[in-house]
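A note on names: the letters A, B, ... follow the listed sequences, proteins ahead of strands, and every chain is numbered from 1.
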4 protein chains.
Amino acid sequence: MTERRAPSTARRSERARVAILEAAYDLLLDEGFLAMTIEGIAAKAGVGKQTIYRWWPSKSAVVFDAALHAGEQAADSGGLPDTGDLEADLRLVLHAIVDELRDERRSAAQRTIMVESMHDDELAEKVVEHILRPQLELTKDRLRSAVRAGQLDRDTDIDTLPDALYGPIFYRWMLRTQPLTHAFADQILGTTLGVHKVNQRARQGESG
Amino acid sequence: MTERRAPSTARRSERARVAILEAAYDLLLDEGFLAMTIEGIAAKAGVGKQTIYRWWPSKSAVVFDAALHAGEQAADSGGLPDTGDLEADLRLVLHAIVDELRDERRSAAQRTIMVESMHDDELAEKVVEHILRPQLELTKDRLRSAVRAGQLDRDTDIDTLPDALYGPIFYRWMLRTQPLTHAFADQILGTTLGVHKVNQRARQGESG
Amino acid sequence: MTERRAPSTARRSERARVAILEAAYDLLLDEGFLAMTIEGIAAKAGVGKQTIYRWWPSKSAVVFDAALHAGEQAADSGGLPDTGDLEADLRLVLHAIVDELRDERRSAAQRTIMVESMHDDELAEKVVEHILRPQLELTKDRLRSAVRAGQLDRDTDIDTLPDALYGPIFYRWMLRTQPLTHAFADQILGTTLGVHKVNQRARQGESG
Amino acid sequence: MTERRAPSTARRSERARVAILEAAYDLLLDEGFLAMTIEGIAAKAGVGKQTIYRWWPSKSAVVFDAALHAGEQAADSGGLPDTGDLEADLRLVLHAIVDELRDERRSAAQRTIMVESMHDDELAEKVVEHILRPQLELTKDRLRSAVRAGQLDRDTDIDTLPDALYGPIFYRWMLRTQPLTHAFADQILGTTLGVHKVNQRARQGESG
DNA sequence: GTTTAATCGAGACGGTACGTCAGGTCTTTAG
DNA sequence: CTAAAGACCTGACGTACCGTCTCGATTAAAC
């Protein structure tokens, strides 16, 4: 993933690679990004420091790969569910996200990476490219499908809606101003889809 | 702000205190939180390292105070504007936030504080209490005023709406997936208020 | 002695200085120059590495000072003995040198210094100035005294004789081709003084 | 020369062997023993590190062989000249040695090897066996021949005389206290042979 | 004339020590 | 008594080499 200065990648020791990623992930969870050190990773992985420096340019890069390695979940989803009912499908997705983020153990690493990406442009780019962009694109695909199915206004801004959905959840997760719940996700969903929902608005119009 | 282990605070040199805070803020803008060092602050401020350690417990603490010192703006706002037109008032606020965050110099400190609060619970609490909570409370006040004025549904969830407004902006600012613009803020505002706006929905219902 | 890059020497910790020199000397005797490390000295002295690097530019420099510190004997001799009997006086000196060089513990430092001075011109100069030249000058003084006393030919080459005395001993010490003994020293002494001794040659002439 | 752990020596690549020795000698002259590295030799020779480690046990061993290879002069001499005039023959030998040692370029490597042999017992043994002992034995042979010819006392210590001859020259060469000249060699020779010369002493006796 | 097995260039590996940097504490000197 | 200056111990940094260990790809020998 990140072996950009890799000399060949052919002779590379898979054993060492995996040991490093797992040691890095453990240390990330146990000590946090700032406290962990390259020397610590090397020691825990039973690996020479140079073997880390040979394949990764920075601590950020190792940790990012470690997080990806820990959850090979990024590419597993072949897309968002599409049952025909947009709101139900999105609710499923948001609930899954909330569930994952509420598991403190699993989400600590994610949060750390997000945080570090704020002052590490290289890391930030990787986060956007490998984690956020794919998720956003899949979401947009689902929304376009909904437009085609007549469930959303034809003039809905497809680029903004995902931010409106994920932003508030991200906000509460990062800043912990209030608890992150399914109910909150539902409210965000309702609020966000509100103006754009064709049928509902029509029905509301009739009954109004 | 953070002088917890201060021995007396009485004999403290104001000259040194200000020099430290200003040096710290300059370095924060020039080098960023990670690159700057306590030694660097001391050198730039023409101060002994011990004079920093005597009054602050950590780099985070100095930088937080430096940011507060730089902009004594946190508490200046006596509340959100209330012209009677909720959407216009919120648009003003969101545009101001966007403007501040788009100014790299001004937003660097904010970003740093957010970042550091992630692995510094004490700092996190201060951020929430001194910066976020006040902003959220003022926003809620404005929303309640709108409900009273009949501009918003009576059953609008006042606790969720601010997250729906600020969350997406925070999301784009932190993750930099797409540029942060006034247009984006406007769309979020439109989407978010959409279902709750009394007049507009009524009008839409009539014309539907 | 070697604090060339010393910033001030005023604030210097005498405790640390002595601990370093003693640790260095111990390690020199126990492990030898090549095997010992700066980190090892620091650890044994209970000192930070930086405290060594602050005051000495190289391992050689530390070890040289350590050797000087161990035996503040370099300048102690107020001159060679002068009992009137040149051969007896020189025999005393050579035996003392042999004794010192045969004591592995005591000669290790000397050997190391000689070795290091080969690839460290600055050190070499110090060795010549502080150790060799004084010894040679004192020896020449004693020889001149013997010429005045009529024990040596008036045309004896005073500049060559010391090399003829010390050279062979140095040769065996360094190259270890054969053991270094008092008998060897005596033979060198006899051979070297042979042609120059006034009385003996005269007596030999009479008996020839 | 030193291929002690060589598995067969049969399949050995002569090209690689020579390239290694020449690279090593170049590096020895250019950087000195301490600064040069096995990796450097391998790189300069265009050879894998393992090819060095396969045939030599240590850097010392490679460098020693490299020096031998550079001057295949060690074993070329079939003995010291024996014209019947001991002093003239030895003068020839000493002048040749002085000439070689005065050539800084050629003698630098020799000096380095001598120096390193002080803290490298394995190297020391090789130096003694391959370079010094042969020279000393040849010298002793010549001296015994002189005894038989009646030019030297029958009780002359044959084991000491070579040290008395070579020691002072070695001393000045290594320590560089004074320049190394033919005149110096002549004086050493005169002093050393003085007491033992049969004819001269007899003549002196007659004239005394 | 092909096996076939050792050697070759290459270079990754687990390590040690390097010399530097900054952390946070302790000490000295001046005001 | 505080502040400046800065030395102190600590520990991580990123680099250079160590000596060992695979890798294919030549060789040169014995079949």
Side-chain angles (χ1 to χ4, degrees), chain A residues 6-13 15-17 19 35-43 45-55 57-59, chain B residues 7-8 10-13 15-17 19 35-43 45-59, chain C residues 6-17 19 35-43 45-55 57-59, chain D residues 6-13 15-17 19 35-43 45-55 57-59:
Chain A
S8 73
T9 234
R11 294 207 198 277
R12 182 170 188 178
S13 158
R15 185 183 63 67
R17 195 188 126 260
M36 71 192 288
T37 65
I38 297 268
E39 292 203 334
I41 299 171
V47 140
K49 269 199 290 183
Q50 197 57 46
T51 301
I52 297 181
Y53 285 112
R54 181 151 38 227
W55 301 108
S58 66
K59 188 166 74 169
Chain B
S8 72
R11 292 202 192 263
R12 182 169 188 178
S13 158
R15 187 185 64 67
R17 194 187 128 261
M36 69 192 289
T37 65
I38 295 270
E39 294 202 332
I41 299 171
V47 140
K49 273 200 290 181
Q50 195 54 44
T51 303
I52 297 181
Y53 284 112
R54 195 167 7 246
W55 302 106
W56 289 275
S58 66
K59 186 164 76 167
Chain C
S8 73
T9 233
R11 296 215 204 270
R12 183 168 187 179
S13 157
E14 182 65 9
R15 185 184 62 67
R17 194 188 127 262
M36 70 192 288
T37 65
I38 296 269
E39 293 203 333
I41 299 172
V47 141
K49 269 198 292 182
Q50 197 58 47
T51 301
I52 298 181
Y53 284 113
R54 181 152 39 229
W55 301 108
S58 67
K59 188 165 74 168
Chain D
S8 73
T9 231
R11 299 231 211 247
R12 183 169 187 180
S13 157
R15 187 184 63 67
R17 193 188 128 262
M36 69 192 289
T37 66
I38 295 271
E39 294 203 333
I41 300 171
V47 140
K49 271 199 292 180
Q50 192 59 241
T51 302
I52 297 180
Y53 284 111
R54 182 151 37 230
W55 302 106
S58 66
K59 186 166 76 168

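- Residue contacts shown for D:G46 are limited to sugar-phosphate atoms, with no base heavy atom under 4.0 Å away.
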In 5'-to-3' order, the base (B), backbone-only (S) or no-contact (-) status of each nucleotide in nucleotides 26-31 of chain F, using a 4.0 angstrom heavy-atom cut-off, is --BS--
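- When rounded to the nearest whole Å, the span between OH of C:Y53 and P of F:dG11 equals 17 Å.
- Comparing B:A45 and D:K59 against DNA chain F, the residue whose closest nucleotide sits nearer the 5' end is B:A45.
- Checked against F:dA3, F:dC17, E:dG23, the side chain of B:E39 finds its nearest nucleotide in E:dG23.
- For the pair C:I52 CD1 and E:dT20 P, the computed distance is 13 Å after rounding to whole Å.
- Residues passing the salt bridge (Lys or Arg N to Asp or Glu O under 4.0 Å) test with D:K59, sequence neighbours excluded: none.
- Relative to the six-membered ring of C:W55, C:R17 misses at least one condition, a distance below 6.0 Å or an angle of at most 45° to the axis.
- Picking from E:dG24, E:dC8, F:dA3 the nucleotide with the shortest atom distance to the side chain of B:R15 gives F:dA3.
- In this structure, B:T51 reaches the F:dA4 phosphate: one of its side-chain N or O atoms is under 4.0 Å from OP1 or OP2.
- Of all non-hydrogen atoms in A:I52 and A:A42, the two that sit nearest each other are CD1-N, 3.8 Å.
- Under 3.5 Å, the side chain of A:K49 and the base of E:dG15 form no donor-acceptor pair of N or O atoms.
- With sequence neighbours left out, the side chain to side chain donor-acceptor pair (under 3.5 Å) criterion links B:E39 to B:K49.
- For C:W55, whose side chain is taken as the heavy atoms from C-beta onward, the closest listed nucleotide among E:dA12, E:dC8, F:dA7 is F:dA7.
- DNA chain E is contacted by both D:G48 and C:G40; D:G48 maps to the nucleotide lying nearer its 5′ end (nearest heavy atom per residue).
- Take the nearest nucleotide of DNA chain E for A:Q50 and for B:I38: the residue whose nucleotide is more 5' is A:Q50.
- For B:T37 and E:dA22, the shortest distance from a side-chain N or O to OP1 or OP2 is not below 4.0 Å.
- Under the rule for a side-chain contact (heavy atoms from CB on, under 4.5 Å), the partners of C:A19 that lie at least two apart in sequence or sit in another chain are C:A45.
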